[in-house]
Amino acid sequence: TSYDRLRTTTGLVVPQDFRSGWEHEVSARVAYTLHPGLAAFVEAGLEADRYDAAAADTDQQSVSVGTTFEFSRLLTGEIHAGYAQEDLAAASGTSGFIYGTSLTWFASPLVSLNLTADRSFRADITTSAGGGFTAQPATTDRIELTAEWEPLRELLVTLGSSWMQD
């Protein structure tokens with residue numbers, strides 16, 4: 001992706017080329033079905049982000065273990081926990097415990113409720129007044145509750161609420 005410079009209403013030109021670049025992510029999951037409706041898995045992932053401004057480059061590695069489950073046709077989910085490390089080109093990175101969970105309840109053939117929660121690491125990229133770029137590590141915790149209603153086959157109504165902390 002390539003971004004052009006931004007001109008503010010006061011005429012100040014703000015460079016955006018630090019956002020130009022590419023992002024690539026690959027992950028693999030190996031699962032074993034313990035019995036119908038219950039599986040254990042191991043997942044590993046790599047992510048590399050490269051930008052025109054090399055100070056914004058990041059690399060991330062993660063590994064987690066978890067389980068998928070189906071208590072009944074009405075209640076399904078997944079839970080995992082692991083470790084991730086985010087390396088930044090121009091600053092010290094961050095690493096630590098990551099988690100994720102998703103629980104879906106099919107209340108009726110037309111209504112479902114989904115609860116998700118996760119922790120992730122990422123880089124916040126900022127531009128200084130002098131035009132320099134810095135990347136700072138950020139840890140994000142997120143919880144989200146979503147309700148979906150399908151009154152017609154072609155129409156899906158979604159209502160959701162989420163909480164996020166950096």
Side-chain angles (χ1 to χ4, degrees), residues 1-3 6 14-71 75-106 112-148 158-166:
T1 307
S2 184
Y3 292 90
L6 175 69
V14 181
Q16 295 291 305
D17 60 346
F18 71 94
R19 297 171 53 193
S20 299
W22 60 270
E23 299 176 0
H24 186 71
E25 182 177 352
V26 62
S27 63
R29 178 183 280 197
V30 176
Y32 180 76
T33 301
L34 301 169
H35 78 59
L38 183 64
F41 66 85
V42 175
E43 184 172 29
L46 298 171
E47 182 178 341
D49 301 336
R50 298 293 177 264
Y51 300 98
D52 289 353
D57 291 352
T58 64
D59 292 305
Q60 186 177 103
Q61 307 84 35
S62 64
V63 64
S64 60
V65 296
T67 183
T68 60
F69 51 87
E70 182 178 319
F71 290 128
L75 188 61
T76 63
E78 174 180 306
I79 187 167
H80 70 270
Y83 179 83
Q85 179 175 332
E86 178 91 21
D87 298 316
L88 307 177
S92 62
T94 188
S95 62
F97 174 71
I98 57 171
Y99 63 86
T101 186
S102 174
L103 185 63
T104 302
W105 175 44
F106 299 97
S112 65
L113 297 174
N114 190 27
L115 176 66
T116 59
D118 62 29
R119 168 176 282 172
S120 61
F121 299 127
R122 61 182 172 75
D124 277 341
I125 301 169
T126 58
T127 306
S128 69
F133 310 105
T134 59
Q136 296 297 320
T139 302
T140 303
D141 290 304
R142 181 182 62 92
I143 300 172
E144 183 176 44
L145 178 63
T146 307
E148 293 181 347
T158 303
L159 176 65
S161 179
S162 64
W163 170 86
M164 187 172 76
Q165 177 179 357
D166 283 333

List in chain and number order the residues that pass side chain to side chain contact (heavy atoms under 4.5 Å, CB included) with Glu144, two or more places apart in sequence or in another chain; answer none if no residue qualifies.
Thr116, Arg142, Thr146, Ser162
Between Trp22 and Ala48, what is the shortest heavy-atom contact and its length?
CZ3-O, 3.6 Å
List, one per line, each side-chain donor-acceptor pair under 3.5 Å for residues 27-39, sequence neighbours excluded.
unit_1	atom_1	unit_2	atom_2	d
Arg29	NH1	Glu78	OE1	3.2
Arg29	NH2	Glu43	OE1	3.3
Arg29	NH2	Glu78	OE2	3.1

Using side-chain heavy atoms (C-beta onward) and a distance below 4.5 Å, is Asp141 in contact with Trp163?
yes
Once you round to the nearest 0.5 Å, how far does CD of Glu70 lie from OG1 of Thr104?
11.0 Å
Taking only residues two or more places apart in sequence, or in another chain, which ones meet Glu47 in a side chain to side chain donor-acceptor pair (under 3.5 Å)?
none
Phe71: which residues meet the ring-ring contact (aromatic ring centres under 6.0 Å, His included) condition with it, sequence neighbours left out?
Phe69
Once rounded to the nearest 0.5 Å, what's the spacing between atom CG of Leu145 and atom CG of Asn114?
8.0 Å
Going from CD1 on Ile79 to OG on Ser102, what distance comes out if it is rounded to the nearest 0.5 angstrom?
10.5 Å
Correct closest heavy-atom pair for Phe106 and Ser112 would be CD2-CB, 3.8 Å
Could you check whether any side-chain heavy atom of His80 comes within less than 4.5 Å of a side-chain heavy atom of Thr68, counting everything from C-beta outward?
no
Is there side-chain contact between Glu86 and Thr58, with at least one heavy-atom pair below 4.5 Å?
yes
Can you see which heavy atom on Ala117 is nearest to which on Tyr99, and at what distance?
C-CE1, 4.1 Å
Partner residues of Thr139 under the side chain to side chain contact (heavy atoms under 4.5 Å, CB included) criterion, sequence neighbours left out
Thr94, Arg119, Phe121
Given side chains that start at C-beta, do those of Leu115 and Trp105 come closer than 4.5 Å, heavy atoms only?
no
Under the side chain to side chain contact (heavy atoms under 4.5 Å, CB included) test, which residues partner Glu23, sequence neighbours left out?
Asp49, Tyr51
